[in-house]
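Note sheet for the following structure.
Note: hydrogens, waters and symmetry copies are ignored here, and every other heavy atom, side chains too, is used. We name chains A, B, ... by the order of the sequence lines, and we start the count at 1 in each one. Worth saying up front: this structure is predicted, and the values here are computed from it rather than measured.
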Amino acid sequence: MLGTRDVYGDILVELGEKNKDIVVLDADLSASTRTCKFARAYPERFFNMGIAEQDMISTAAGLATCGKIPFVSTFAVFLTGRAWDQVRQSVCYSEQNVKLVSTHAGITVGEDSATHHANEDIALMRALPNMTIICPADGIETAQVIRTVAYHKGPVYVRLARCKFPVIYDDNYHFHIGKSDMLRDGDQATIIAIGIMVSQALEAADNLAKEGIAVRVVNMSTIKPIDKEAILEAARKTGAIVTSEEHSIIGGLGSAVAEVLVESNHPCPLKRIGTKDCFGVSGKPQELLEKFCLGVKDIVEATKDVIKRKSGFSPAT
Amino acid sequence: MAKDIFRMGEMFGNIGCNDEKDISVNVMKKEMFDLGMDWERLGREIRGDILRILAKAGSGHTGGSLSIVEILLALYYGKMHHRPKQPDWPDRDRFVLSKGHGAPALYVVLAKLGYFDLSELDKLRCVCAMLQGHPYNCNTPGIEISTGSLGQGLSVANGMALAGKLDKKPYRVYALLGDGEVQEGQVWEAAMTAAHYHLDNLYALIDFNKLQIDGPVSQIMEVEPLEAKWRAFGWETYEVNGHNVEEIRERLDMAEDVKGRPSMIICHTVKGKGVSFMENKVEYHGVAPTSEELERALAELSLGRNTK
């Protein structure tokens with residue numbers, strides 16, 4: 001198990017050592033986001049903006065105009081929600097090289113309850129032109145993502161979590177922006193997942209395999225620009241798709257996949273796993289995943305459901 | 001005239017560039033010598049251009065563009081180290097028009113200084129034109145960041161000032177805010193940041209023309225006592241006549257001696273300044289002059305319709 005935010009904190013220090021243009025901003029949550037590690041290593045390049053997310057984002061844009069590479073962190077709900085207009089105007093419209101890295105995305109934030117959960121952040125960021133959105137599946141991928149986005153030109157939103165994720169990858173994996181990764185092949189359905197839901201999807205695939213159902217599992221870590229070819233290939237080869245995200249079914253991964261399918265020549269039955277247009281509650285992370293139907297058994301059920309729907313599926317001609 | 005030449009020499013000596021190569025200096029010299037540092041005449045010319053391009057565009061923010069002319073003259077002609085032909089010169093002084101709707105005024109000044117061709121002015125707000133309704137940094141030389149959504153520019157200016165401190169560069173950062181704009185909470189977040197990080201390379205100004213869209217600022221959401229507020233937030237504050245170029249420049253000069261604190265110059269201005277039927281009128285905030293109004297305004301400014 002590795003905490004994606006712990007990895008983020010470590011990689012920031014590594015990057016900070018190599019590139020003096022990297023600066024980091026936080027909004028009084030550096031102990032939680034782990035930017036505190038950079039703060040200790042390079043205090044002159046760390047700016048705690050206090051509880052002032054809007055100021056933080058626009059200040060980062062100003063730093064970027066002068067050639068700095070700002071990494072900006074706080075909880076996902078505040079980074080993308082409270083400061084949405086600043087992300088839109090100062091960062092995306094102004095095309096500034098700002099790296100927004102949130103932690104505490106989804107409902108696995110847990111006990112702090114819905115005010116601190118982020119189930120809408122991908123939807124908010126997806127609607128912004130010039131924004132790249134990445135949600136890594138484990139700590140190994142997180143390290144590569146952070147290293148990659150540091151040298152990618154343009155606004156980026158990276159979505160990390162509070163809790164630790166099972167390790168899926170090893171050093172043979174190479175992350176590329178815009179490229180999904182097929183972790184498991186199968187021909188009866190595809191589960192496309194992001195973040196913690198990737199390891200949930202792998203467990204679901206294992207369970208389905210025991211019942212003789214071979215399922216493809218795809219880690220769609222770049223949600224924007226989405227890997228359309230991988231989605232269409234999954235539709236062509238397996239004929240049914242389940243998307244799985246720790247996010248609302250509105251506007252996130254599921255919606256992005258649906259948009260590709262519906263406009264293609266290969267629409268197929270689709271089921272979105274995510275929070276169903278509702279707010280979370282206090283609870284332990286695993287309890288909340290079960291309560292809001294983001295558990296392994298929910299993915300298994302959804303997969304069987306879309307497979308069943310294949311026979312009745314007749315796209316309009 | 002001798003005194004003016006002496007002051008110009010002082011000014012150019014402060015710019016810190018080789019004036020044979022630096023086109024900004026030559027442009028300024030030309031304007032200064034042609035006009036004999038006649039700020040009043042230059043102001044009228046710029047106002048005429050603002051009104052012409054707004055009338056041609058058929059939309060835009062007249063009142064708040066006319067009110068900031070002298071502030072821009074003080075900055076661009078009198079203070080800032082900048083190179084119109086090299087807008088990304090790393091050591092340039094930066095300016096952020098946080099009240100982005102004042103764009104027409106900034107566009108005229110930038111065009112006159114040579115940042116882009118004067119012909120772009122006539123295409124203001126046209127589809128596919130360079131000059132957008134609010135400043136757009138991606139395509140307009142001389143625009144550092146896109147503004148228009150009020151309250152963000154001071155934070156951006158802080159970021160520039162922080163970068164300057166990190167890189168130990170001598171450039172200065174200027175930001176111009178509206179008075180209604182200071183109703184945005186983010187402005188006060190930025191005010192705290194500037195003081196907390198001791199940004200004495202940051203100089204903010206407010207176009208205090210007392211009017212906003214729905215009425216007088218004092219009636220919509222009172223912002224006074226403005227000077228006391230900025231002082232309480234840790235800023236060195238000044239109040240000036242916002243239509244006296246020399247006074248603004250003097251305060252900016254004085255502010256440079258302040259160490260460890262940012263500076264705020266509250267400029268008392270008149271919305272719609274220069275055109276009698278537009279002065280202090282709420283209704284000219286976001287409305288362009290009609291053809292008839294343009295003609296009347298140009299006559300008041302003692303300018304012909306086609307003079308550039």
[atom1]-[atom2] distance between [X] and [Y], expressed to the nearest 0.5 angstrom:
X	Y	atom1	atom2	value
A:Tyr93	B:His134	OH	NE2	9.5 Å
A:Leu63	B:Leu166	CG	CG	7.0 Å
B:Leu162	A:Arg45	CG	CZ	14.0 Å
A:Met49	B:Tyr197	CE	OH	6.0 Å
B:Ser149	A:Arg88	OG	CZ	8.0 Å

Atom [atom1] of [X] with >12 non-hydrogen neighbours under 6.0 angstrom:
X	atom1	result
A:Lys179	NZ	no
A:Glu263	CD	no
B:Lys165	NZ	yes
A:Arg82	CZ	no

The interface call for B:Ala157 against chain A, heavy-atom contacts under 4.5 Å, is neither
Query raised in the report: Can you list the steps and then say if B:Asn158 with A:Thr59 is a side chain to side chain donor-acceptor pair (under 3.5 Å)?
Result: CA-CA 6 Å; B:Asn158 282 345; A:Thr59 303; 5.1 Å; no
query = Within the side chain of B:Asn137, is there an N or O that forms a donor-acceptor pair under 3.5 Å with the backbone of A:Ser94?
reply = yes
Review point. Stepwise, does the side-chain contact (heavy atoms from CB on, under 4.5 Å) test hold for A:Phe47 with B:His196?
Key: CA-CA 11 Å; A:Phe47 302 102; B:His196 180 84; over 6 Å; no
- Please step through side-chain contact (heavy atoms from CB on, under 4.5 Å) for the pair A:Lys68 and B:Asp167, ending with a clear verdict. CA-CA 10 Å; A:Lys68 300 300 173 194; B:Asp167 294 338; 2.6 Å; yes
Between A:Ser90 and B:Gln152, do the side chains contain an N or O donor and an N or O acceptor separated by less than 3.5 Å? yes
Counting heavy-atom pairs under 4.5 angstrom with chain B, the leader among A:Pro70, A:Ala52, A:Gly50 is A:Ala52
Note: vs chain B, highest number of non-hydrogen pairs under 4.5 angstrom among A:Cys66, A:Ala60, A:Ala61, A:Ala64 is A:Cys66
Note: vs chain A, highest number of non-hydrogen pairs under 4.5 angstrom among B:Met160, B:Glu144, B:Arg94, B:Gln186 is B:Gln186
### Query
Can you find a heavy atom in the side chain of B:Ile145 that is under 4.5 Å from one in the side chain of A:Gln96?
yes
